[in-house]
Amino acid sequence: MLIGIRGTFLDFTGDPFFQEEEECTRFFSDGLLVIENGHIIEIGNFNDIAPKFSSLSIHHYPDRMILPGFIDAHVHYSQIGIIGSFGKQLLDWLETYVYPEEAKYVDPEFSRAMASLFLDQLLRNGTTTAAVFATVHPQSVNAFFSEADKRNMRMIAGKVMMDREAPQYLLDTPTQSFNDTKELIQNWHRQNRQLYAVTPRFGITCTADELRAAENLKNLFPDVYIHTHIAETHREIEYTLQLFPQCSDYLEVYESFGLVTPESIFAHGIHLSDSEFQRLSEAGSTIAFCPSSNMFLGSGLFPLFKAKSHQHPVPVAVGSDVGAGTSLSLLKTLNEAYKASALLHQNLSPLQAFYLITLGAAKSLSLDHLIGNFEPGKEADLVVLNPQATPLTNLKYSEHATPLNIKSLSDHLFTQICLGDDRSIEKTYIAGQPVLF
Ligand code: GUN
Ligand code: ZN
């Protein structure tokens with residue numbers, strides 16, 4: 001069955017950090033997207049392409065902005081219950097709030113209930129793909145992937161590997177971690193839309209044997225992701241280098257175990273050296289920029305424009321990093337990204353911002369052949385955004401040139417970054433199907 005979606009479309013065909021914005025932005029003020037079996041088969045001006053399709057069931061969204069589904073490059077589903085926990089910095093926050101909460105995921109029923117709630121909240125916020133930490137318990141991963149698969153959402157997730165420097169009840173061993181992860185990869189990686197990430201928590205909670213287990217898994221299953229944290233706080237970096245005294249910097253810890261690859265996602269990366277940026281650039285690994293979390297825990301300001309420079313370009317995507325981040329909304333997270341960059345006297349443009357949560361993320365995660373924009377052949381994950389959903393966005397909307405056109409696009413998008421949230425998301429489509437939330 002052919003489905004047509006009609007409305008105002010925006011997506012990207014290039015990177016606005018490195019190209020003129022007009023050159024890499026695609027815009028149809030009255031557009032039509034044609035979907036067959038969950039995949040995009042055509043996009044264009046409504047008047048140009050509608051006549052080609054005689055039997056089309058059209059979903060018409062006048063005065064709405066239709067964007068590719070948002071991609072959250074770093075989030076912990078197991079921390080949804082401790083979002084907004086007061087008064088600590090990273091290492092104390094982990095001990096005080098995170099580890100006791102993650103212990104609850106030993107219960108598969110609890111895991112399933114939280115996975116279900118979490119995924120519905122992603123959909124409500126227009127997030128259609130995410131790279132997700134579960135917990136050390138394999139049952140937390142089974143619960144997550146089952147719920148994601150039920151919703152047909154394209155997800156990346158994995159069992160946390162951690163064998164020291166946390167409460168005993170949350171530790172595995174290198175052998176157990178290897179065996180459990182191997183089984184999870186065999187059961188879930190590329191099962192429908194699900195993708196696996198080998199997930200060592202970070203250097204502090206992983207012995208050399210645990211990181212070697214991660215390396216062995218990556219060698220055995222070369223196309224899986226690696227997902228971990230790096231250089232979030234100074235205390236964390238110091239302690240990591242005490243635990244790995246043979247390494248001269250944090251990245252070398254992961255390099256020593258073959259974990260710095262094109263499929264690697266490193267959350268935070270706030271305090272990386274020039275040399276570490278250079279080596280990440282050469283490896284083609286991704287940094288997940290988590291501005292809400294970075295400011296909530298007082299960790300620091302990620303130098304986004306240093307990563308997105310010609311000197312040593314590193315793939316960057318944006319992570320909500322709930323529960324240290326305070327919202328699952330990537331609109332609200334972009335608001336924080338704008339402010340974090342402003343504190344470094346740099347202006348993140350609205351188009352650059354939306355690139356980071358759509359095509360930029362898809363490219364960083366090597367998923368741009370499947371998602372990230374409206375190219376024919378891709379999976380039809382998309383967001384219908386109401387730019388006038390609240391009294392204040394409505395006020396701002398009428399101040400900008402309307403109806404929405406290419407010239408006023410940046411103004412409209414910036415309003416959504418500053419004032420938008422889940423109320424702006426009118427509808428989310430997964431593989432061509434509108435979903436309820
Ligand atoms: N570093 C290691 N574990 C975590 C975590 O759960 N959250 C954050 N923000 N940083 C971490
Ligand atoms: Zn994290």
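- The main-chain N or O of P68 is never found under 3.5 Å from a side-chain atom of D11 such that the two would form a donor-acceptor pair.
- Across T199, D180, D172, a single residue satisfies side-chain hydrogen bond (donor to acceptor under 3.5 Å, both in side chains) together with K159, and that is D172.
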Practice problem: With side chain to side chain donor-acceptor pair (under 3.5 Å) as the test, would you mind laying out the steps for S248 and E252 before giving the verdict? | Solution: CA-CA 7 Å; S248 58; E252 195 181 331; 2.7 Å; yes
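- Relative ring orientation between Y105 and F110 is described as perpendicular, the plane-to-plane angle rising above 60° on a 0-90° scale split at 30° and 60°.
- Remark: the Q278 side chain and the E282 side chain contain an N/O donor-acceptor pair separated by less than 3.5 Å.
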Quiz item: Are T240 and V253 close enough, and set up right, to give a side-chain contact (heavy atoms from CB on, under 4.5 Å), and what steps lead you there?
Solution: CA-CA 9 Å; T240 305; V253 174; 4.1 Å; yes
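- Salt bridge present: D223 and R190 bring a charged side-chain N and a carboxylate O closer than 4.0 Å.
- Using the six-membered ring where Trp is involved, F266 and Y254 have ring planes that are tilted, between 30° and 60° apart.
- The closest donor-acceptor contact from the side chain of T428 to the backbone of L123 lies under 3.5 Å.
- One finds a salt bridge joining K52 and E42 here, because a Lys/Arg side-chain nitrogen approaches an Asp/Glu carboxylate oxygen to under 4.0 Å.
- R235 has a carboxylate O that lies under 4.0 Å from a charged side-chain N of D92, or vice versa, which qualifies the two as a salt bridge.
- Test I230, T286, I287 against L280 for side chain to side chain contact (heavy atoms under 4.5 Å, CB included) and you get one pass: I287.
- Side chain of S364 to main chain of G360: a donor-acceptor pair is present (N/O by atom type, distance under 3.5 Å, no hydrogens or angles).
- For the residue pair Q89 / T233, no side-chain donor-acceptor distance below 3.5 Å is found, with atom types taken as modelled.
- A salt bridge links K150 with E147; the closest basic N to acidic carboxylate O contact falls under 4.0 Å.
- Remark: side-chain polar atoms of E263 are not paired, donor with acceptor, to backbone N or O of Y225 under 3.5 angstrom.
- Ion pair D249/R279 flagged as a salt bridge, since at least one NZ, NE, NH1 or NH2 atom sits closer than 4.0 Å to an Asp/Glu carboxylate oxygen.
- Minimum heavy-atom separation, D149 to Q191: OD1-O, 4.4 Å.
- The six-membered or imidazole ring of H74 lies near that of F133, with a centre-to-centre distance under 6.0 Å.
- In summary, the side chains of S424 and N386 do not present any donor paired with an acceptor at a separation below 3.5 Å, with no hydrogens or angles considered.
- Side-chain atoms of S140 come within 3.5 Å of backbone N or O of T135 as a donor-acceptor pair.
- No donor-acceptor distance shorter than 3.5 angstrom exists from the side chain of D209 to the backbone of P174, with no hydrogens or angles considered.
- A donor-acceptor pair shorter than 3.5 Å can be found between the side chains of S116 and R151.
- In summary, the side chains of Y97 and Q79 do not present any donor paired with an acceptor at a separation below 3.5 Å, with no hydrogens or angles considered.
- The structure places CD1 of I371 at 7.5 Å from CG of L365, a figure rounded to the nearest 0.5 Å.
- Between F12 and Y355, the ring-plane angle classifies as perpendicular under the 30° and 60° cut-offs.
- Side-chain atoms of H271 and Y250 form no donor-acceptor pair, as typed in the model, at a separation below 3.5 Å.
- Remark: K308 engages D15 in a salt bridge, criterion side-chain N to carboxylate O under 4.0 Å.
- For the residue pair H268 / D321, a side-chain donor-acceptor distance below 3.5 Å is found, with atom types taken as modelled.
- At a threshold of 4.5 Å between non-hydrogen side-chain atoms, the residues L301 and I270 do not count as touching.
- At a cut-off of 3.5 Å, with distance as the only test, a side-chain donor of S292 or T326 sits close to an acceptor on the other residue.
- Residues L328 and L122 meet the side-chain proximity criterion, which asks for heavy atoms closer than 4.5 Å.
- Between R201 and E210 there is no salt bridge, since no side-chain N of the basic residue sits under 4.0 Å from a carboxylate O of the acidic one.
- In the model, S320 has a side-chain atom that pairs as donor or acceptor with a side-chain atom of D72 under 3.5 Å.
- When only modelled atom types and interatomic distance are considered, E101 and S78 share no side-chain donor-acceptor pair under 3.5 Å.
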